[in-house]
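Structure first, then comments.
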Amino acid sequence: MGGTPGERRSKARLPSAYAAAVRRSVRVTLSATAGFYLFLYGFDSAVAATYALFAAVAMAGLSHIPGTGQQRAATLLPVVPSCWVLITIGTYLSVRTWSAVLGMLVVGFVLAFMAVGGPRPAGAAPGLQLMYILPSFPPYVPETLGERLVGATAGLALLILAEAFLLPDRAPGVPYRELAARAADQAARCADELASAPYTLDDTASRAARDLSGGLRTSRVPEAERPAGPGIRARALAHTGLAARTLIGRLTSLPPPPGGPAEARTWPGVLHAVRDACLETASLLRGRASSTARQGEAGRESSAAALSRLQEVRRALTAGAEPGTSPAGLRRHAAVLEVADAALAMSTAAEIAVRGRDAPAAAPGRFWYARMRAPQLWWRRLSGHAGQRSVFFQNAVRIALALAAARTIAGLDTLPHGFWMLLATLTLTRTTARETRSTVRTALTGTLVGAVVVAALLALVGTDTTVYAAALPPLMLVAFTLGPVKGVGWAQAMFTMVVALVFAQLASATWRLAEFRLLDVLAGSAVGAVFGLLAWPKGAHDELRRAVATMLRTAAETVVATTSQLATGGARAPVATSPGHRSLQHALIMAESAYAQYRSEPKQLDTPHDPQDWQAALLSGHHTLWGADRLLVPVEPTVVPPLPPEPAEAVTRIGDRVAAGMLLVSARLDPSGDTPGTPAAVGTRDFADFAAEPPGAPRPYYAAAQWLDSLMTDVERIAGGHK
């Protein structure tokens, strides 16, 4: 009558969202209340008690650091000194309103701009903002700085211990290294299958390859597992995933050998080298080659041997095909070269991702970061986003101006508990004006409900702090459980009650405390709404379209420049990158950051599903970069003869056709007012020059034609030709 035991257990089990919220609520409640009660009732220090509680609440309740408890604890450890600095600065700058406002402007921008470092710094930034906001209000009492630092340190220490050891979380998803290893394994199986008759992939292998490739998209990877940081290993791991996706795409579209057995025998050696390199890459990413020191050295040698063999195969392919090879064979030769190039990029990137600067020397162009130290890489990331076209810069300016304005209003009007106003501004300001308005309405409703309950409670209980002390822990448990799951309205209602119980223990309070709370939230949300409307109100949607349009225009320039140099020939040197590489790389970084924010923003309910394949757009930029480097940057200095007239004209026409397609798609995406309403068709696969076989065309012609053909496929996918 009650079902089987398994069914009853399934029904009794909490939904995963609530289970995760309960675990985090227990950790923040225990760490916050333990420090609060210890200092307030044990040492009679209201200042230390306040900072102990708010330090834990700020870094666990207000911040959203992704990952498991142990991962969050590791993130919080280096945050502690930053909290000391922020509390000290806030304490001394609170002497005057103007100095506190100036500090808020600078600190607000710097902390918000930390989002360029990836999900973890971005998640910690709101809590760190509160560590400056809390001491930046009167009274000006620098003599209490010691108590403030002791209280905050204790609260953070308790939180770190709770995160590390209390109610451990399950891993949020499959680690990105494992996803990349699975993709490498599948690439190895595909290469092995393609090396023997009938030299094609069956439907099962193709479908599995596409699924694993799609699983490497950052939009499908939990935040905690995304390799988004500026460090060497994070950059290399992201590069590994991108190269794995490219390799799988090249393998699944590899045509069979056009000739008989003679030509078929040319390719298995290459594909076997690709297979071996993929298998070694998968083992390296899983750490199987380094479980002990001896095994690690053996694994290093095995990986190096596979990589060396693949490099030799690629050099042989680059040197040219066998004399007398048919045009169809030259096309196949170029396609296999792209497979080898993608496999080599994946293997090299994986080496750097696992071994960092100890990895073997890599090509300086594609792997420019391989020998840089952390400060250099951070500077490259920060300087690259220091401009108004960066969404990280836009967000930092928006929140810094809003917080500075809120601090000015709170200082001039001397609002009671003015830091609540800044807290409301910080938590309710969103990246789009529409989302901010919706959030503010819900938050004000929740705050009003919470204020009514608080007013009634304070009027009934009066000054009996025992009741408030007993009620605070269970209320915090409920607040930090329901708030993250039920949304901002519930969070504001419950948090209003929590802060009321806290301040009722710190000083005598009346029902007017609820009035002050409602007034501060109303003022703070109004400031957030105003700046959300004035500063980039549409969020990342238009910026993404603009950034991708700019990237495609720069890619079109690179395509035209590359085909022109191929046609004319000339002296070539082993430089780091091809001409235009850095400009296209910067445009690609801007597009990727805009896409990352776009993915994080809620979509409007009345907007249909966005049919645009933004991932294809970003991949086309990478494919343009890699192909141009492969075609124009030799291993050693050389003089390249010009192409014969007919192949030169053909490759120029193909390049112009691809560049025109990129420009047309760019015009379609660009949100500026002069965008053509109905741009011309991008192009079709029946364009004659893509299949042209000009008399006397050498191998470089077919290598360029294969690259341009793959770019046109990317362009058609962006334009909606492939759903």
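Start at 1 with the first residue, then count along the sequence.
- Residue M497 is tested with V449, L472, V502, V453 for a side-chain contact (heavy atoms from CB on, under 4.5 Å); the sole match is V453.
- L156 is not listed as a side-chain neighbour of V79, based on a closest heavy-atom distance of 4.5 Å or more.
- Remark: side-chain polar atoms of S525 are paired, donor with acceptor, to backbone N or O of L522 under 3.5 angstrom.
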**Request:** Determine, step by step, whether V548 and Y595 satisfy the side-chain contact (heavy atoms from CB on, under 4.5 Å) criterion, reporting the C-alpha distance in whole Å, the side-chain angles of both residues, the deciding distance to 0.1 Å, and the verdict.
**Result:** CA-CA 9 Å; V548 172; Y595 177 70; over 6 Å; no

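- The backbone N or O of G229 sits less than 3.5 Å from a side-chain atom of R381, completing a donor-acceptor pair.
- Nearest approach of M59 to L159, heavy atoms of both residues: CB-CD2, 3.8 Å.
- Looking at R226, its side chain does come within 3.5 Å of a backbone N or O of V221 through a donor-acceptor pair.
- If you run ring pair (Phe, Tyr, Trp, His ring centres under 6.0 Å) between H385 and each of F392, W378, W379, F393, only F392 comes through.
- Interatomic distance, CH2 of W420 versus OG1 of T427, reported as 13.5 Å (0.5 Å rounding).
- Distance alone, capped at 3.5 Å, places no donor-acceptor pair between the S136 side chain and the G90 backbone.
- With a 4.5 Å cut-off on side-chain heavy atoms, E592 and L588 count as touching.
- Between A547 and A591, the shortest heavy-atom distance links the atoms CB-CA, 3.7 Å.
- Once rounded to the nearest 0.5 Å, the distance linking CZ of F36 with OG1 of T50 reads 6.5 Å.
- The number of heavy atoms from other shown groups lying within 6.0 Å of CD (Q376) is above 12.
- The two atoms that bring A504 and T465 nearest to each other are O-CG2, 3.8 Å, heavy atoms only.
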**Request:** Step by step, work out the side-chain contact (heavy atoms from CB on, under 4.5 Å) result for L93 and Y132.
**Result:** CA-CA 10 Å; L93 291 183; Y132 173 82; 3.8 Å; yes

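- Using a 4.5 Å heavy-atom threshold, the side chains of Y468 and L458 count as touching.
- The closest side-chain heavy-atom distance from Y37 to Q505 is below 4.5 Å.
- Under a 3.5 Å cut-off, the side chain of S390 and the backbone N or O of A386 do not form any donor-acceptor pair.
- Shown here for V527 and A405, the closest heavy-atom pair between the two residues is CG1-CB, 4.2 Å.
- Residues L457 and L501 have side chains in contact (heavy-atom distance under 4.5 Å, counting atoms from C-beta outward).
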**Message:** One pair to check against side-chain contact (heavy atoms from CB on, under 4.5 Å): I399 and F109. What are the steps and the verdict?
**Reply:** CA-CA 7 Å; I399 195 63; F109 176 84; over 6 Å; no

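- With T29 contributing its side chain and V26 its backbone, the two residues share no donor-acceptor pair below 3.5 Å.
- The two residues G118 and P121 come nearest to each other via the heavy atoms O-CD, 3.3 Å.
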**Asked** Where do M421 and R407 land on the side-chain contact (heavy atoms from CB on, under 4.5 Å) test, with the steps shown first?
**Response** CA-CA 8 Å; M421 178 182 176; R407 180 63 183 87; over 6 Å; no

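- Taking both residues in full, the closest heavy atoms of A34 and L158 are given as CB-CD1, 4.1 Å, listed atom of the first, atom of the second, then distance.
- Inter-residue side-chain proximity for L130 and L423 is flagged as met; some heavy-atom pair is nearer than 4.5 Å.
- The distance from the CE atom of M131 to the CZ atom of F54 is 9.0 Å, given to the nearest 0.5 Å.
- Remark: the backbone N or O of I65 is not paired with any side-chain donor or acceptor of R120 at under 3.5 angstrom.
- With hydrogens and angles disregarded, a donor-acceptor distance shorter than 3.5 Å links the side chain of Q71 to the backbone of T68.
- For the pair L77 and I160, the minimum side-chain heavy-atom distance is below 4.5 Å.
- Rounding to the nearest 0.5 Å gives a distance of 4.5 Å between CG of L149 and OG1 of T88.
- Not a single donor-acceptor pair under 3.5 Å links the side chain of R148 to the backbone N or O of T91.
- Aromatic ring pairs are classed by plane angle as parallel below 30°, tilted from 30° to 60° and perpendicular above 60°; the pair F39 and F43 is tilted.
- Under the side-chain contact (heavy atoms from CB on, under 4.5 Å) rule, S99 has a single partner from T97, V101, V95, L102, which is V95.
- Taking the ring axis of F165 as reference, the NZ or CZ atom of R27 does not stay both within 45° of it and closer than 6.0 Å to the ring centre.
- Side chains of F480 and V57 form a contact here, defined as non-hydrogen atoms less than 4.5 Å apart.
- With S63 contributing its side chain and A58 its backbone, the two residues share a donor-acceptor pair below 3.5 Å.
- Separation of atoms CD1 (I133) and CG (L62) is listed at 8.5 Å; rounding is to 0.5 Å.
- Paired with E163 under the rule side-chain hydrogen bond (donor to acceptor under 3.5 Å, both in side chains), one option of Q70, R23, R72 passes, and it is R72.
- With rounding to the nearest 0.5 Å, the separation of OG1 in T447 from CG in L428 is 7.5 Å.
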